[in-house]
**Student:** 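Structure incoming, see below.
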Amino acid sequence: MPAAPASPESASASPTFLEGTVIRSTGSWYDVQTERGVVPSRVRGKFRLEEQDVTNPVAVGDRVTIRLEPDDSGLITEIHPRRNQLSRRAAGRRVGLEHVIAANIDIAWAVQSVRLPKINPGFIDRFIVMAEVNEITPGLVINKTDLLREKDRADIDALHDLYAGLGYRVLRTSVVSGEGVETFREALRDRTSVVAGPSGVGKSSLLNAVEPGLGLRTGEVSLKTRKGRHTTTYASLLPLSFGGFVVDTPGIREFGLIDLDPADLGHYFREFKPYLHDCRFPNCTHDHEPDCAVKAAVEEGLITEARYTSYLNILDSLHLGERDVGR
Ligand SMILES: Nc1nc2c(ncn2[C@@H]2O[C@H](COP(=O)(O)OP(=O)(O)O)[C@@H](O)[C@H]2O)c(=O)[nH]1
Ligand SMILES: [Mg+2]
Ligand SMILES: [Zn+2]
């Protein structure tokens, strides 16, 4: 611990240091959850200077040490090393900089619904890549199972089996029948989780079902024009009464694939891995190149057409510089 400053006011008592988690940020103040409750805190100027290429040196989810000040506010004196983070390119004046949305995330759930809106495999695959690139465990929630029609059951089962077979956790839920709600609650317990998905799949409804106290608004059609919204938005962590946090951010669509080299994309499709070293060209993008072992595996049915199509779509968007999840 740093020594107490030798000023007359603080000579009598040594300062109190606490550890905590940043749960909310306005850009200049940070709410830090500690064993003594939430302490509004400021950050030392030097952290700002050290991190030239990010807009926010402290993000929600960061573990920090604070020094309690005489007015009961905190001063963040240390930011503990991050296990991982989700970032996007900053907008507006700070374009080109990185904005850290949240740090130390245990799991990121892609939420989809069986109908209304229907499943979008492209979203799932892009989201998985985004999570894997950031070293965050992805999972899949298939919601609104009460709306499942018999004729769609085989497709949903195949999708479930595909992702479970790749080693990802897949949950089936319904806010109406209650299926899977308890399992989802257990999956959120004592972790920091991201819940993302297209509008209308039931994210807010699901979170209200596991934690009624959240009181999230549901059923709203989002008419926001995202293009017009260039101000920096800050995520917050919603504390769960049974332990854990859920990352709440309106900007989840923008979790980008920052700095992913198109030649590396194949490494984030787990089932491609056995074939990546058998392509003729070591920098093969598994697109147009001859003697590609990945394409051969698709032709043999060892890799699904759907996953390969997602791969090509993401590859295209990387070439075009479109690195957002939500397309
Ligand atoms: N039938 C059915 N409807 C649901 C379910 N979950 C959510 N909904 C409805 O789907 C609509 C969108 O839900 P909402 O939670 O706002 O979705 P969000 O945009 O992902 O947060 C609302 O009308 C909900 O009542 C479900 O499991 N089954
Ligand atoms: Mg919602
Ligand atoms: Zn190849």
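Hydrogens, waters and symmetry mates are skipped; everything else that's a heavy atom, side chains included, is used. When a ligand or atom number is given, it counts from 1 through the structure's own listing order.
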**Student:** If you count heavy atoms of other groups shown closer than 6.0 angstrom to CZ of Arg24, is the number above 12?
**Tutor:** no

**Student:** At a 4.0 Å threshold, what atoms of ligand 1 neighbour a non-hydrogen atom of Asn143?
**Tutor:** 5 (C), 6 (N), 27 (O)

**Student:** So, the side chain of Lys144 versus the backbone of Val176: is there a donor-acceptor pair under 3.5 Å, distance only?
**Tutor:** no

**Student:** Check ligand 1 against Leu147 and write out every atom of the ligand that is under 4.0 Å from a heavy-atom position of the residue.
**Tutor:** 1 (N)

**Student:** Does a side-chain N-to-carboxylate-O contact under 4.0 Å join Arg270 and Glu132?
**Tutor:** yes

**Student:** In ligand 1, which numbered atoms sit nearer than 4.0 Å to a non-hydrogen atom of Ser205?
**Tutor:** 6 (N), 7 (C), 13 (O), 14 (P), 15 (O), 24 (C)

**Student:** Can you list, by chain and residue number, the protein N, O or S atoms under 2.8 Å from the Zn ion (ligand 3)?
**Tutor:** Cys279 SG, Cys284 SG, His286 ND1, Cys292 SG

**Student:** Does an N or O from Thr145, backbone or side chain, lie closer than 3.5 Å to an N or O of ligand 1?
**Tutor:** no

**Student:** With atoms numbered from 1 as shown, which atoms in ligand 1 lie under 4.0 angstrom from a non-hydrogen atom of Asp146?
**Tutor:** 1 (N), 2 (C), 26 (C), 27 (O), 28 (N)

**Student:** Quick check against the 3.5 Å criterion: does Arg185 have a side-chain atom that pairs as donor or acceptor with the backbone of Ala209?
**Tutor:** yes

**Student:** Looking only at distances, can you tell me whether any N or O atom of Gly219, backbone or side chain, sits closer than 3.5 Å to an N or O atom of ligand 1?
**Tutor:** yes

**Student:** State, to 0.1 Å, how close Ser41 and Val32 come at their nearest heavy-atom pair, and which atoms those are.
**Tutor:** OG-CG2, 3.6 Å

**Student:** Anything under 30° is parallel, anything over 60° is perpendicular, the rest tilted; go ahead and classify Tyr311 against Phe269.
**Tutor:** perpendicular

**Student:** Test of understanding: given a 4.0 Å heavy-atom threshold, classify the contact between Val175 and ligand 1 as side chain, backbone, both, or neither.
**Tutor:** both

**Student:** What atoms in ligand 1 come closer than 4.0 Å to a heavy atom of Val176?
**Tutor:** 1 (N), 2 (C), 27 (O), 28 (N)

**Student:** Which atom pairs, one a donor and one an acceptor, fall under 3.5 Å between side chains of residues 101-111 and the rest of the protein, sequence neighbours left out?
**Tutor:**
from   : atom 1 : to     : atom 2 : distance (Å)
Asn104 : OD1    : Arg83  : N      : 2.8
Asn104 : ND2    : Gly61  : O      : 2.9
Asp106 : OD1    : Arg83  : NH1    : 3.2
Asp106 : OD1    : Arg83  : NH2    : 3.1
Asp106 : OD2    : Thr192 : N      : 2.8

**Student:** Do Thr309 and Glu305 meet the criterion of a side-chain donor-acceptor pair at a distance under 3.5 Å?
**Tutor:** no

**Student:** Do any N/O atoms on Thr173 end up under 3.5 angstrom from N/O atoms on ligand 1?
**Tutor:** no

**Student:** Taking only heavy atoms of Ser199 into account, list the atoms of ligand 1 that are under 4.0 Å away from them.
**Tutor:** 19 (O)

**Student:** Hydrogens and angles aside, do Asn143 and Ser113 bring a side-chain donor and acceptor to less than 3.5 Å of each other?
**Tutor:** no

**Student:** Closest approach of Gly197 and Lys203, non-hydrogen atoms and distance?
**Tutor:** O-NZ, 2.9 Å

**Student:** Do you know which of Ile79, Ile76, Val100 makes side chain to side chain contact (heavy atoms under 4.5 Å, CB included) with Asp62?
**Tutor:** Ile79

**Student:** Quick check: does Ser199 have an N/O/S atom under 2.8 Å of the Mg ion (ligand 2)?
**Tutor:** no

**Student:** With a 4.0 Å cut-off on heavy atoms, is Ser174 in contact with ligand 1?
**Tutor:** yes

**Student:** Any N/O of Lys144 closer than 3.5 Å to an N/O of ligand 1?
**Tutor:** yes

**Student:** For ligand 1, indicate whether the residue Thr218 contacts it via side chain, backbone, both or neither (heavy-atom separation under 4.0 Å).
**Tutor:** both

**Student:** Should we count CG of Asp157 as having more than 12 external heavy atoms under 6.0 Å?
**Tutor:** yes

**Student:** For ligand 1, which part of Val201 has a heavy atom less than 4.0 Å away: the side chain, the backbone, both, or neither?
**Tutor:** both

**Student:** Should the pair Tyr308 and Phe272 be assigned to parallel (<30°), tilted (30 to 60°) or perpendicular (>60°) ring geometry?
**Tutor:** tilted

